[in-house]
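Right, one structure below, let's go through it.
As the structure is a prediction and not an experimental result, all values here were calculated from the model. The chains referred to below are lettered A, B, ... by the order of the sequence lines, with proteins before strands, and numbering in each begins at 1.
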Amino acid sequence: MDLNADRSGAYDVGFRENEERTAMATAASNTTQQDQTSCKVFRRLDPAALTPDSIHRLVVGEDTSLRVLTQTEATVELGDPFATMLLLRGTFPRTAGEVLAAFEQLTGTDDPPKGPMFFLVGDGSQIPVTPETVDLARNMRFLVTLGNGPEGADVLFSSFQPEEGNVELMAWDRATGGFNYYQTVGESSAWVFAGNSRHALVEPSEGEGPFESHPSGNFIMKELRSPWINWHSPAAPIMPSAFSDDDPLRNHPWVAGKEPSGAITLETSVARPGIERWTRARFAAIVANGGQINRPERIIRQILTSPAINLISSHNVSANAASSDTVELPQTFFVDSSLTDIAGLAPPPPFAVPGEIYTQSLQTFDVKLTDGAKFVQPGDTHFAFVVPERAFEDQAVLAEAARVGLVTLRLAACLLMVDFPNPIFSTRRRGLLAHVPSSATLADGAGAFSDAFADAIVAAATEPGTPERDFADRWTLKDGWKESFDAELAAYFTAVTDRLTTQAGFDDYFRLAESRRDRVRTMPIAESPLLFASTNIPPTPRTMTANGTVQEG
Amino acid sequence: MPNLLHTPASLRDLDDTGHQAWNDRVVAICEPYFTDHPQFLDPLAEQMTGATAAPVTWLAFPARLLLGVTTDEQRWRRADSNRSEQDEYCEWAVQRDPDGLITQITFTTEVPEYWKLIAQHDPGKLLELYRDLVDPVCTEPELFRDGVYVPGNVRNRSTEGRPAHMIQTTNTLGAAVDLVARATVLRERADGRPIVDQQSLVTCSKLGNRFRHSDPQIAAAINNQAATGAQVSFQDPVGLYIDRIITTGMACPDGADPAEFWKVERGDAERAVRASYSVPADRGYRVGDITLAGRPIMFGAQLADRVHVRVTALTKPAGFTPQRFPCIA
């Protein structure tokens, strides 16, 4: 059982069943089953069904209906500064602007979270407003953070318009750890508590409500690394020209006062520290629970599969590609950086494609940016070649699993080397989940889990060509594993580098990239058609091979 | 005193004559651009009275080094390897103890033009500054060759120790002035579409390296203002400044606030041109014992990831109707 599955543990102090359910409200009845179990359920809530100036609870999967928390219940369950400093004191802001104002009105003796920092993001934010693009849905939205301390922000909230409702808010629970997720509905002054990060990891709330798009309970910054294609950043600033002249946001103080370095600061000061904070808390709870992990599969899944992804792109602006000698390509398209960063293998070389080859591929595949309505712009996204990469939140889990001794670096390397040319969405690596032991115990920073897991895979490695056999062949290398894996990867990198010099080779990689984008398009984080450019490439699964070729189907 | 441009951060290294010489030096750097770039003005020009400050900030870590690397350690190591890699108008050097642990990281945005002028005007003051800021045992022969000051001298060319001022060839006031002045020129593609994105602008106008943090961002901000018909200039005191350091994600062994150990050495909090990060001896630990995102600080570049650099332009609405030009061949 995973740390969160056992609700009797100290970690779950706020999760005791409470019989004093004093108020009930029902979610809107006119919803499909899928809507009931996804984040959409919050958007479908009828503001009239909510009790103003109250804290409601709807942890989808766990709660069968929306209910109002009593002061006692809320006090026990909610230990974050938003709850303790505002909601539990009777302050119920309706808008993002009111949330900020309410925090700013707190006195120094309250030790309110400091800040704020304002960040701006928008799909297609690099497309200026012209008569042809004036109706384009750029979905400009704000992220505001407060309490920006060494471990990241304590309070984060986002909104399309500072003066409107439908605010989404996360706040770090100082009592139990993890982020508490809140939401307002319409202009109502009621707030809905939608769960804590730990609900992302346990049934029946796992994958439900906000945890459909926050699968590990973490803050999401899709474009986590430079050049952060949609966030305001030095590499791609959101200029006033991205707003129409009559847009009230154009001169809004939150736009004028946005963090000058934008996404750089968000990445280094909010996203990464916040993800690491929750990951540390998650594993600390395991250790505090005597090291007993009753469901290690929940952790290993984040190593072997791709429950979340980040997006990465070239640093080249696609419009300049034709005049560029080369277009740099993200290395993590070709290989999982965990193999270097965590397992300690040799780093890959830089990968790049000649500008003329990249430009020809854009023509061959009829690449265009479109909102699915009137807006059509030939060519790729602002930065070239946006592709998914292994999510930082999953890398953080692997790093922490290694640090606490659940997974040895050798095991991690052997697992990730299975189907290494496909760093994400690997069906072959996913198959190894079948062999994860049902429980694990950590003691003094070590445990028998790695050997037990490896033994189970090796025992199943009866057929050649299976992922189990791939694993077993590498696992038996013992002390020489690093040199051997480095040599395998070096041969692969050479093959890829060679193929990047040919049109046919890069066309194959472009098709492969599109099949990975197709996977992302089915994920909840794909909220806009502008996330990727569209192409004429048939939606077929494709995989990379160790000799640098791409297989269809 | 007549109305003179201030020294960077209003530093008081020069007497009145030296101050006048600095003013003349800055004017001499700017003047060649005035004729061909009518939207770029002298900071002290009467037309700039009442102008709005438009700060542009970027990171000290060289963005060029983000290309083609998978690991942070790869890029940190390269940035720490040579001052010539540090091309974002900010340079740094690292001091270590005998165990190899970092004890101090010093950042500077001081332009070489200013130090050359000190050397010319008051060599004794130059040596005093080196002894105060770099090493007490610096000697004059180390700094001068044939009576001429050498910016990249033996005391100021390493990534180890303490830097005096910037030496990377493009980290100069002249380069910044050239960038800002020429960024007032609007450009268009061959098909007549205006060029507004940073990389295209930098490439089209040949304004530096399109993969840097600094050049493209400064160029785009100025160009955006110029497109509105505004006049632009630099805010006095003209210079590159260390804007701030972000210490989120850093953790000290004793739980201290890591921001405590950041010290502005030249200038002030608003206009810092030299700052360092070190732990007081009575704390019992070193910079290398502090972690950043869970990893010990082993490179100066780890902090350069969090140090912000700033140049402040002045902008004022004006009636220019700028023309767009094709790219420079």
Side-chain angles (χ1 to χ4, degrees), chain A residues 117 126 128 145 148-153 225-227 233-237 239-241 259-261 264-265 267-270 272-274 276-277 279-280 314-317 319-320 323-324 328-332 334-341 347-352 382-383 396 399-400 403, chain B residues 55-59 61 63-64 66-74 88 189 193-204 210-214 216-218 220-221 223-224 227-228 243-244 246-252 255-259 291-295 305-306 308-310 327:
Chain A
M117 291 198 292
Q126 297 304 309
T145 66
N148 306 296
E151 292 192 296
R225 294 196 295 140
S226 170
S233 74
M239 295 292 195
S241 55
E259 186 60 22
S261 295
I264 294 177
T265 304
E267 176 194 337
T268 57
S269 299
V270 178
R272 286 181 188 264
E276 287 167 338
R277 184 186 204 180
T279 306
R280 278 196 306 274
S314 167
H315 285 79
N316 288 77
V317 170
N320 294 338
S323 61
S324 300
E328 172 240 13
L329 299 174
Q331 288 163 303
T332 49
F334 299 101
V335 67
D336 187 343
S337 62
S338 307
L339 284 167
T340 305
D341 266 347
F351 296 111
H382 177 71
F383 290 112
E400 198 65 14
R403 194 188 66 79
Chain B
V56 183
T57 62
W58 61 91
L59 277 191
F61 185 86
R64 282 184 309 106
L66 296 170
L67 276 67
V69 294
T70 42
T71 74
D72 287 334
E73 190 168 328
Q74 276 179 285
E88 300 281 10
R189 299 182 197 279
R193 281 183 299 144
I195 290 179
V196 292
D197 81 80
Q198 300 187 40
Q199 282 191 17
S200 304
L201 181 64
V202 166
T203 304
C204 176
R210 69 178 187 272
F211 292 120
R212 285 193 189 123
H213 286 308
S214 50
Q217 199 184 349
I218 296 168
N223 197 256
N224 205 257
T228 68
D243 191 61
R244 61 187 165 142
I246 290 182
T247 54
T248 308
M250 293 170 63
C252 300
D257 178 355
T291 60
L292 201 166
R295 301 163 75 163
D305 269 348
R306 281 137 184 283
H308 293 237
V309 186
R310 183 187 76 238
C327 293

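- At a 4.5 Å heavy-atom cutoff, the contact between B:D72 and chain A is made by backbone atoms alone.
- Of the listed residues (A:P273, A:S337, A:A235), the one with the most heavy-atom contacts under 4.5 Å to chain B is A:A235.
- With a 4.5 Å cut-off on side-chain heavy atoms, A:P237 and B:N224 do not count as touching.
- For B:R212, no part lies under 4.5 angstrom from a heavy atom of chain A.
- Ranked by heavy-atom pairs shorter than 4.5 Å toward chain A, the options B:Q199, B:R210, B:H213, B:Q217 are led by B:Q199.
- A:E400 and A:T279 share no side-chain donor-acceptor pair at under 3.5 Å.
- For a residue to count as touching a neighbouring chain, one of its non-hydrogen atoms must lie under 4.5 Å from one of that chain's; by this rule A:E328 touches chain B with the side chain only.
- Only the backbone of B:A221 comes within less than 4.5 Å of a heavy atom in chain A; its side chain stays farther off.
- Using a 3.5 Å distance cut-off with no hydrogens or angles, the side chains of B:H308 and A:S261 do pair a donor with an acceptor.
- Interface residue A:A236: only backbone heavy atoms are found under 4.5 Å from chain B.
- Ranked by heavy-atom pairs under 4.5 Å with chain A, the first of B:L59, B:T247, B:D305 is B:L59.
- Contact annotation for B:A220: both backbone and side-chain heavy atoms come within less than 4.5 Å of a heavy atom of chain A.
- Between the side chains of A:N320 and B:S200, a donor-acceptor pair is found at a separation under 3.5 Å.
- In this structure, chain B has no heavy atom under 4.5 Å from any part of A:F334.
- Most heavy-atom pairs under 4.5 Å with chain B: of the set A:T265, A:T268, A:N316, this distinction falls to A:N316.
- B:R193 does not touch chain A: none of its heavy atoms, backbone or side chain, sits under 4.5 Å away.
- Residues B:T291 and B:M250 form no side-chain contact, since every pair of their non-hydrogen atoms from C-beta on lies 4.5 Å or further apart.
- When each of A:P350, A:S226, A:P234 is checked for heavy-atom pairs under 4.5 Å with chain B, A:P234 comes out on top.
- B:W58 places a side-chain N or O within donor-acceptor distance of the main-chain N or O of B:E88, the cut-off being under 3.5 Å.
- A:E259 contributes no side-chain N or O that, together with a main-chain N or O of A:M117, makes up a donor-acceptor pair within less than 3.5 Å.
- Within the 4.5 angstrom heavy-atom criterion, only side-chain atoms of B:I246, from C-beta onward, approach chain A.
- Between A:E276 and A:E151, every side-chain heavy-atom pair lies at or beyond the 4.5 Å cut-off.
- For the pair A:R225 and B:L66, the minimum side-chain heavy-atom distance is 4.5 Å or more.
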